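Model, not experiment: these values are computed from the prediction.
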Amino acid sequence: MRALSASDVLGLWENGRGRHPVDRALVLLRAAQPHHTCDQLADWPVGRRDSAILELRIATFGAALGAYLDCPACGAVLEFTFDGRAFQMVTEPAESIVEVGDWRFRLPTTRDLAQIADELDPDTAARRILDLCCLKSELKAAPEWPQAMLHAVETRMAELDPQADIELTLACNACGHAWQTAFDICAFFWEEIEARARRLLQEVHLLASAYGWTERDVLALSDARRAAYLEMAGA
C-alpha cells in the first residue's frame, strides 16, 4: 500500500476534522482504498475496515506503534510500543455469517456503528447491533434478546472478525498491575494524522516566510530536505 505523502496528510486532516469518529473512520478507509466508493466501504465488516486502516498507518508511519497510558491501579504513566503487523488481517474470514440457534447474523459494519453512535448504554448498543445485523427476513419487530444470546453472538462475531475488537495486554512496571485495554486504530491513527498535519502547517508557514515558497513547494520536499531548510532558516 502506498504511504501518505505530506500533501495527502494535510488533505486527509482537512477532510476529517470536525467529523464524528465513525465518519472519520470512513475518511481514513477511503484514503486506504481510493478505488472504492464511500457507500461500498461503509458496508465492509469493521475488522476488514480496521485492518486496511492499520495497513495504511504502517505504510505511512511504520510498524511500531507507541503510546502512553495511565495505570488504572496506581496512576503511573506507562509508555509502551507494539508491532502493528501482529494485528493485520492475513486473509479475510472464510465465514461472515454468525449462526446461533435458529438465528443468523452478518458481521457489523461502519454503517451499523453510525446508527448506534449516539447510544450511551453499551448493553443497549449491543442489542441494537443484533437488531441491525439479524438476517431474519420475516422479523417484524426487534425481539428481546436474552443475555445468553447476546453473549453467544458477540463471542462468535469476535472469533470470525478478531480485528474488529483488538485488545492489548499491559502490565505496570511501577505496581505490577496487569490489565487489558481496547485498541482503536481509527482514533490512534487520526491523532497521529492531526499531529503531523499541524507540524506540516507550521513548517509551511516558516519556509514560506523565509523563502517565499508556496505550500505546494514546501510539501513537495522530502522530510529530510524540509528539515534541512528549516534548520538553515533558523526554525
Checklist entry - In terms of side-chain geometry, is the basic nitrogen of Asp223 or Arg196 positioned less than 4.0 Å from the acidic oxygen of its partner? => result yes
Checklist outcome for this item: Only residue of Leu207, Leu10, Val9 satisfying side-chain contact (heavy atoms from CB on, under 4.5 Å) with Leu219 is Leu10
Checklist outcome for this item: For Leu41 and Leu29 the tightest heavy-atom approach is CB-CD2, 3.6 Å
Item to check | Polar side-chain atom of Arg111 near backbone of Asp43 as donor-acceptor pair, under 3.5 Å | outcome: no
Item to check | Residue Asn15 excluded, over 12 heavy atoms near CG under 6.0 Å | outcome: yes
Checklist entry - So which heavy atom on Val98 is nearest to which on Val100, and how close? => result CG1-CG2, 3.9 Å
Checklist entry - Does a side-chain N-to-carboxylate-O contact under 4.0 Å join Arg106 and Asp112? => result yes
Next on the checklist: If the threshold is 4.0 Å, N to carboxylate O, is there a salt bridge linking Arg127 and Asp131?
Outcome noted: no
Checklist entry - When you check the side-chain N and O atoms of Arg49 and Gln33, is any donor under 3.5 Å from an acceptor? => result no
Checklist outcome for this item: Output for pair (Trp103 CH2, Leu130 CG), nearest 0.5 Å, gives 9.5 Å
Item to check | Minimum heavy-atom distance Asp121-Glu119, with the two atoms named | outcome: N-OE2, 3.3 Å
Item to check | Cluster link Val46 to Val27, ILVMFWY, side chain under 4.5 Å | outcome: no
Checklist entry - To the nearest 0.5 Å, what is the distance between CZ (Arg48) and CG (Leu107)? => result 11.5 Å
Next on the checklist: Which residues pass the salt bridge (charged side-chain N to carboxylate O under 4.0 Å, His left out) test with Glu194, not counting sequence neighbours?
Outcome noted: Arg198
Checklist entry - Going by the salt bridge (Lys or Arg N to Asp or Glu O under 4.0 Å) test, which pairs reach into residues 3-31, not counting sequence neighbours? => result Arg2-Asp8
Checklist entry - Counting N and O atoms only, with roles assigned by atom type, does the side chain of Asp161 sit under 3.5 Å from a partner on the main chain of Gly47, one being a donor and the other an acceptor? => result yes
Checklist entry - When rounded to the nearest 0.5 angstrom, what is the spacing between CH2 in Trp44 and OG1 in Thr110? => result 10.0 Å
Next on the checklist: For Phe188 and Phe82, take the angle between the two ring planes, folded into 0 to 90°, and tell me which bin it lands in: parallel under 30, tilted 30 to 60, perpendicular over 60.
Outcome noted: tilted
Checklist outcome for this item: Between the SG atom in Cys186 and the CD atom in Glu191, the distance rounded to the nearest 0.5 Å is 12.0 Å
Next on the checklist: Ignoring hydrogens, what is the shortest heavy-atom contact between Trp179 and Cys71? Give both atom names and the distance.
Outcome noted: CH2-CA, 3.9 Å
Item to check | Whether Phe87 and Phe183 hold their rings parallel, tilted or perpendicular, with breakpoints at 30° and 60° | outcome: tilted
Checklist entry - Has the side chain of Ser51 got a donor or acceptor atom that lies under 3.5 Å from a matching backbone atom of Gln88? => result no
Item to check | From CG (Leu150) to CG (Asp123), nearest 0.5 Å | outcome: 6.0 Å
Item to check | Distance (rounded to the nearest 0.5 Å) between Leu132 CG and Thr109 OG1 | outcome: 8.5 Å
Checklist entry - Val22 and Ala117: which non-hydrogen atoms are nearest, and at how many Å? => result CG2-CB, 4.4 Å
Checklist entry - What's the shortest heavy-atom distance between Pro108 and Ile129, and which atoms? => result CG-CG2, 3.9 Å
Checklist entry - Is the Trp13 to Phe189 ring centre distance short of 6.0 Å? => result no
Next on the checklist: side-chain contact (heavy atoms from CB on, under 4.5 Å), that's the test. Do Arg57 and Leu65 meet it? Break it down for me.
Outcome noted: CA-CA 9 Å; Arg57 192 277 175 193; Leu65 288 80; 3.8 Å; yes
Next on the checklist: Would Leu78 and Asp70 count as a side-chain contact (heavy atoms from CB on, under 4.5 Å) here? Give the steps.
Outcome noted: CA-CA 6 Å; Leu78 175 68; Asp70 293 340; over 6 Å; no
